*Asks:* 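Mind looking over this structure? Questions follow.
Quick caveat, the model's predicted, so the values are computed rather than measured.
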Amino acid sequence: DSAAEAYAARNEISVRTSWAEGELFLHKSGEDLDEDWNDDLDEDWTDDLDEDWTDDLDEDWTDDLSEDWTDDLDEDWTDDLDKKLTDESDDTIVYREDGAILVHCPKNYKGTLNIPAGVKVIQRLAFEGCTELERVILPEGLIYIGEGAFWECDSLIEVQLPETLLEIDEKAFYGCEKLENLLLPGAVQFLGREVFSDTGIKEITLPPSLNSACGESIFRDCDKLQRVKLPGGFAGLEMDRCIRFLEDCKSLEEVVIEENSNQYYSMDGLIMDRRWPELHFCPRGRKGVLQIPEGIISVAEYAFWLNSGITGIIFPASWKGNIINDIPPYGCSIYESWFEDNGGKASLLEELSELEFVEVHQDNPYYASENGLLLSKDRKMLLYCPKKMQGVVKIPEGVDSVAWSKWNDRKFITEIHIPKSCPEGVFIFMISGWDSLREVKILGNFELFGKDIQKLIKTGAFSKMPYKVSGNCEESEKTGEAYE
């Protein structure tokens, strides 16, 4: 090649190489080329060809070919190739590149598989559908597990990962329902999208080596995951993003941050924000009564997202709140515009679908509680009625206003008592849609309330509710049916 280039340089000849054909073309440039070089060619050279040369060909030569020649090809010929590569026999595991890549494990492989040293890569879908495989021991030196590598290995109960492992691609363990424990090596840098989806993992520790390239929803449909350990920080993965991964885990009860970070720390299984003393994340599977630690002053907007296990919540003296989003009282001049602007969501506690009561420490300077209800400190405003409060609800005496919180779906309250301090009609709007309500007791001016209720009944708001409305004396007792 170098000799040809030197020759071309001396003789003003351009060099073009065609590697595909293995040819070297020399083309003399400039005026040295005869412009009429093609004149030497006989213009009528084609005349020497018999115009009817094609007649010598049998017009029907194609008839000799079977119209259905393609039928001789197996439509699934690619399957034969796949079988040749990956299924040479029922008991053969297929490797490539001198054993560095594990390509395929037969679907009928049973029991325990100890993969030999030298394997560095588990190829995509290598163990797909190996429904009788129970244990896999991966060798040191392995660095990569491919996409869907153990897809729906639904008998797999153990996978031993080597310390050399760097990447686990998306959905690698998808559908491994019996895989309850998985120890991630400290060197792992990348976890693909939905890598643990639909597994039986109950507890896992994420290594600090994880980087920002990690996929989304790595714990999607991990319905059995109960406990997660996090480091104080990651090599590149943002802690906020990691916490969002946990929102998919409906059985998660506890999150532990092993080393305190500058941003977050854990306490009693909850994640707290150190920069602003805030409850940042409460696991979705948290059950029973939740006592927020002293020193916490607020809650993040989605801290209780989709929680369906907390039945009671106790706020500390330090609590300043944001719990009702600074809602103005019902009936004031700015209420309607506020409600429209905020889409009707007045309380972060609405996420707690099983909440039965709220309690506030008596030394809290901003809030109070009574009979399981959340009140303003002066006890004049009812701020919140829990979503699953049951039985009889007694509004405390002194309450004269209500903060709206979409209270039209309190389905377990059977009776409500309205105090004398309540002005005309303040509580009437609350009880529309309370399916189990059977009695409203008015302890104040019944005639005023009676007119309000009668008006609502005529408009159809309460027409199908068989509850009784009673005042503070027997002769004033009325019923919804009588008003109809």
*Asks:* Decide yes or no for Asp198 and Cys176: does some side-chain heavy atom of the first lie under 4.5 Å from some side-chain heavy atom of the second?
*Replies:* no
*Asks:* Hey, does the side chain of Glu163 reach the backbone of Glu140 with a donor-acceptor pair shorter than 3.5 angstrom?
*Replies:* no
*Asks:* Indicate the ring-plane relationship of Phe127 and Phe150, choosing parallel, tilted or perpendicular according to the 30° and 60° boundaries.
*Replies:* parallel
*Asks:* Within the side chain of Arg410, is there an N or O that forms a donor-acceptor pair under 3.5 Å with the backbone of Cys385?
*Replies:* yes
*Asks:* Surrounding NZ of Lys287 (heavy atoms of other residues, nucleotides or ligands, distance under 6.0 Å), is the total greater than 12?
*Replies:* yes
*Asks:* Under the 3.5 angstrom rule, does the side chain of Lys202 hit a backbone N or O of Gly200 as a donor-acceptor pair?
*Replies:* no
*Asks:* Checking the side chain of Ser217 only, and the main-chain atoms of Glu194 only, is there a donor and an acceptor separated by less than 3.5 Å?
*Replies:* no
*Asks:* Within a radius of less than 6.0 Å around CD of Glu238, do more than 12 heavy atoms belonging to other residues, nucleotides or ligands occur?
*Replies:* no
*Asks:* Any idea which heavy atoms bring Ile201 and Phe196 closest together, and the distance?
*Replies:* CD1-CD2, 3.8 Å
*Asks:* Let me confirm one number: the CG-CD1 distance from Asp273 to Ile243, rounded to the nearest 0.5 Å.
*Replies:* 8.5 Å
*Asks:* So, Thr199 side chain and Leu179 main chain: donor-acceptor pair closer than 3.5 Å or not?
*Replies:* no
*Asks:* Kindly say whether Tyr366 contributes a backbone atom to a donor-acceptor pair with the side chain of Lys320 at under 3.5 angstrom?
*Replies:* no
*Asks:* Can you name the nearest heavy-atom pair linking Gly309 to Glu354, along with the distance?
*Replies:* N-CG, 4.4 Å
*Asks:* Does the side chain of Thr205 reach to within under 4.5 Å of the side chain of Leu183, using non-hydrogen atoms?
*Replies:* no
*Asks:* Would you sort out whether Phe234 and Met239 count as a side chain to side chain contact (heavy atoms under 4.5 Å, CB included), showing the intermediate values?
*Replies:* CA-CA 7 Å; Phe234 295 99; Met239 183 66 79; 3.9 Å; yes
*Asks:* If you define the side chain from C-beta out and look only at heavy atoms, does anything of Lys387 sit under 4.5 Å from Leu352?
*Replies:* no
*Asks:* Is the shortest heavy-atom distance from the side chain of Phe245 to the side chain of Leu206 under 4.5 Å?
*Replies:* no
*Asks:* Would you say Ser318's side chain and Ile296's backbone share a donor-acceptor pair under 3.5 angstrom?
*Replies:* yes
*Asks:* Taking the side chain as C-beta and beyond, is there a heavy-atom pair between Leu375 and Leu383 under 4.5 Å?
*Replies:* no
*Asks:* Below 4.0 angstrom, N of the basic side chain to O of the carboxylate: do Arg241 and Glu216 qualify?
*Replies:* yes
*Asks:* Check whether any side-chain N or O of Ser436 sits under 3.5 Å from a backbone N or O of Ile413 as a donor-acceptor pair, and report yes or no.
*Replies:* no
*Asks:* Between Asn307 and Arg286, what is the shortest heavy-atom contact and its length?
*Replies:* ND2-O, 3.4 Å
*Asks:* Checking the side chain of Glu397 only, and the main-chain atoms of Lys420 only, is there a donor and an acceptor separated by less than 3.5 Å?
*Replies:* yes
*Asks:* Go through the steps for Arg284 and Leu252 under the test side chain to side chain contact (heavy atoms under 4.5 Å, CB included), then give the verdict.
*Replies:* CA-CA 6 Å; Arg284 280 181 61 183; Leu252 186 65; 5.6 Å; no
*Asks:* Is it the case that atom CZ in Phe190 sees more than 12 heavy atoms from other parts of the structure closer than 6.0 Å?
*Replies:* yes
*Asks:* Of Ile314, Ile292, Val360, Ile297, which is the lone residue that meets side-chain contact (heavy atoms from CB on, under 4.5 Å) with Trp319?
*Replies:* Ile292
*Asks:* What's the spacing between Ile218 CD1 and Cys242 SG if we round to 0.5 Å?
*Replies:* 6.0 Å
*Asks:* Are any of the side-chain nitrogens in Lys441 or Glu415 under 4.0 Å away from the carboxylate oxygens of its partner?
*Replies:* yes
*Asks:* Between Leu142 and Pro162, what is the shortest heavy-atom contact and its length?
*Replies:* CB-CG, 3.8 Å
*Asks:* Find out whether Leu138 and Leu165 are in side-chain contact, i.e. whether some heavy atom of one side chain is under 4.5 Å from a heavy atom of the other.
*Replies:* no
*Asks:* Just do the side chain to side chain contact (heavy atoms under 4.5 Å, CB included) check on Leu230 and Tyr264 with the steps written out, would you?
*Replies:* CA-CA 11 Å; Leu230 305 176; Tyr264 297 111; over 6 Å; no
*Asks:* When you compare the side chain of Arg193 with that of Lys171, does any pair of heavy atoms fall below 4.5 Å?
*Replies:* yes
*Asks:* Which value, rounded to the nearest 0.5 Å, describes the distance between His104 atom NE2 and Leu102 atom CG?
*Replies:* 9.5 Å
*Asks:* Set out, in order, the CA-CA distance, both residues' side-chain angles and the distance that settles side chain to side chain donor-acceptor pair (under 3.5 Å) for Tyr384 and Glu350, then state yes or no.
*Replies:* CA-CA 9 Å; Tyr384 189 69; Glu350 281 293 288; 2.9 Å; yes
*Asks:* So, does Ser266 use its side chain to make a donor-acceptor pair with the main chain of Ile257 at under 3.5 Å?
*Replies:* yes
*Asks:* Should we say atom NZ of Lys388 is surrounded by more than 12 heavy atoms from elsewhere, each under 6.0 Å from it?
*Replies:* yes
*Asks:* Hey, mind stepping through Met381 and Ser401 against side chain to side chain contact (heavy atoms under 4.5 Å, CB included) and telling me if it holds?
*Replies:* CA-CA 5 Å; Met381 179 183 284; Ser401 59; 3.5 Å; yes
*Asks:* Going from CG on Leu270 to OH on Tyr265, what distance comes out if it is rounded to the nearest 0.5 angstrom?
*Replies:* 10.0 Å
*Asks:* Taking all non-hydrogen atoms of both residues into account, name the closest pair between Leu225 and Glu203 and its distance.
*Replies:* CD1-N, 3.8 Å
*Asks:* So do Gln263 and Asp240 actually touch side chain to side chain, heavy atoms under 4.5 Å?
*Replies:* yes
*Asks:* If you count heavy atoms of other groups shown closer than 6.0 angstrom to NZ of Lys110, is the number above 12?
*Replies:* no
*Asks:* As an exercise, state the distance from CZ of Arg135 to OG of Ser155, rounded to the nearest 0.5 Å.
*Replies:* 11.5 Å
*Asks:* How close do Pro283 and Glu254 get, counting heavy atoms only, and between which atoms?
*Replies:* CG-N, 4.0 Å
*Asks:* So how far is it from Ile137 CD1 to Asn114 CG, rounded to the nearest 0.5 Å?
*Replies:* 4.5 Å
